[in-house]
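Residues: numbered from 1 along the sequence shown. The basis for the numbers below is simple: all heavy atoms, side chains too, and nothing from hydrogens, waters or symmetry mates.
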Amino acid sequence: MGKLSWTIDRTEHLVTIRGTGVYDLSFVMALGSAMWAEGAVGYGKLLDLSRADIRLTSDDLQTMVATTRLAGATTAGPIAIFLGEDPDPVLLDMAVLLKSRSGNRRRLRVFTDEWTARQWLSAEARIAYLSNELSRLPLKGARGHQAGHGR
């Protein structure tokens with residue numbers, strides 16, 4: 001069996017996971033550590049699991065959900081899970097279960113088409129950028145803003 005790997009693209013602010021191999025808790029934890037070390041936690045994540053062998057226990061899944069929730073939607077980038085056009089039912093169940101257990105605190109979607117997954121990640125990045133820019137604008141009527149008008 002091959003190996004899953006990841007790339008971190010600073011220009012696109014995208015982490016891409018792909019390959020043929022085992023997607024298990026040790027892989028997920030190593031990926032998480034690498035993203036924190038590289039400052040890429042806020043990047044979008046494209047998980048191409050179309051050729052992966054998912055090996056997650058219920059406890060593993062619970063650990064992943066807890067870790068995913070720690071980095072909430074405001075700090076962590078969106079996650080697009082690409083399963084391929086005709087995904088294995090077990091793979092689909094695992095992805096849907098991960099999404100369900102993650103709840104609304106994370107932007108996570110499951111796709112059967114990579115192009116659509118990339119489009120969604122791109123749209124989510126634009127929304128996050130605009131939200132970040134709007135949060136930097138001064139509030140109308142804020143004390144510091146009024147002080148500049150000689151009041």
Side-chain angles (χ1 to χ4, degrees), residues 1-139 142:
M1 180 165 269
K3 185 176 179 181
L4 280 174
S5 62
W6 62 79
T7 57
I8 298 174
D9 185 333
R10 293 194 176 285
T11 305
E12 296 290 324
H13 292 121
L14 180 67
V15 178
T16 304
I17 296 92
R18 68 174 68 240
T20 303
V22 177
Y23 186 84
D24 59 7
L25 187 60
S26 64
F27 178 85
V28 172
M29 299 310 271
L31 171 62
S33 294
M35 286 189 303
W36 279 103
E38 295 290 324
V41 172
Y43 292 6
K45 287 110 186 136
L46 176 63
L47 280 69
D48 178 353
L49 301 180
S50 61
R51 296 178 292 145
D53 180 15
I54 307 294
R55 293 188 191 161
L56 297 169
T57 66
S58 182
D59 288 342
D60 293 345
L61 200 55
Q62 202 53 36
T63 300
M64 287 174 58
V65 168
T67 303
T68 300
R69 284 185 172 184
L70 282 176
T74 57
T75 57
I79 302 169
I81 302 174
F82 166 59
L83 302 177
E85 291 181 18
D86 189 23
D88 179 281
V90 174
L91 179 63
L92 181 59
D93 286 348
M94 283 285 200
V96 170
L97 189 57
L98 177 61
K99 178 174 178 28
S100 174
R101 288 192 182 177
S102 295
N104 294 330
R105 293 186 62 191
R106 284 302 305 273
R107 298 169 292 159
L108 187 152
R109 293 241 177 121
V110 179
F111 298 89
T112 57
D113 175 75
E114 185 174 347
W115 185 85
T116 306
R118 288 180 176 276
Q119 291 297 109
W120 178 78
L121 283 171
S122 179
E124 286 294 306
R126 285 191 298 276
I127 291 167
Y129 173 78
L130 289 174
S131 176
N132 189 29
E133 290 300 305
L134 288 173
S135 70
R136 294 179 185 195
L137 293 175
L139 296 174

task: Not counting sequence neighbours, which residues clear side chain to side chain contact (heavy atoms under 4.5 Å, CB included) with Glu12? List them please.
output: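 Side chain to side chain contact (heavy atoms under 4.5 Å, CB included) list for Glu12, sorted by chain: Asp9, Leu14.
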For Leu25, side chain to side chain contact (heavy atoms under 4.5 Å, CB included) partners two or more places apart: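 With neighbours one apart ignored, the set is Met29, Asp60, Thr63, Met64.
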Over all atoms of both residues, closest heavy-atom pair of [X] and [Y]:
| X | Y | value |
| --- | --- | --- |
| Ala40 | Ile8 | CB-CG2, 3.8 Å |
| Ala95 | Leu83 | CB-CD1, 4.0 Å |
| Leu46 | Ala117 | CD1-CB, 3.9 Å |
| Trp120 | Arg109 | NE1-NH1, 3.2 Å |
| Ile54 | Leu91 | CG1-CD1, 3.0 Å |
| His13 | Tyr43 | CD2-CE1, 3.0 Å |

Roughly how far apart are [X] [atom1] and [Y] [atom2], rounded to 0.5 Å?
| X | Y | atom1 | atom2 | answer |
| --- | --- | --- | --- | --- |
| Glu124 | Leu108 | CD | CG | 10.5 Å |
| Lys3 | Thr20 | NZ | OG1 | 13.0 Å |
| Ile81 | Lys99 | CD1 | NZ | 9.0 Å |
| Thr116 | Leu121 | OG1 | CG | 11.0 Å |
| Asp53 | Leu4 | CG | CG | 9.0 Å |
| Asp88 | Arg51 | CG | CZ | 15.0 Å |

- prompt: Do any pairs count as a ring-ring contact (aromatic ring centres under 6.0 Å, His included) and have a residue in residues 79-103, sequence neighbours left out, and if so which ones?
  reply: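 For residues 79-103, and leaving out neighbouring residues, there are no ring-ring contact (aromatic ring centres under 6.0 Å, His included) pairs at all.
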- request: Scan residues 20-46 for pairs that pass salt bridge (charged side-chain N to carboxylate O under 4.0 Å, His left out), counting only residues two or more places apart or in two chains.
  value: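 Counting only pairs at least two positions apart or across chains, the salt bridge (charged side-chain N to carboxylate O under 4.0 Å, His left out) contacts touching residues 20-46 are Arg10-Glu38.
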task: Take the angle between the ring planes of Phe27 and Trp6 and call it parallel below 30°, perpendicular above 60°, tilted in between.
output: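 Taking Trp6 first and then Phe27, their aromatic rings stand perpendicular (interplane angle over 60°).
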Just jot down the side chain to side chain donor-acceptor pair (under 3.5 Å) partners of [X], sequence neighbours excluded, or say none.
| X | value |
| --- | --- |
| Tyr23 | none |
| Thr7 | none |
| Arg118 | Glu114 |
| Thr16 | none |

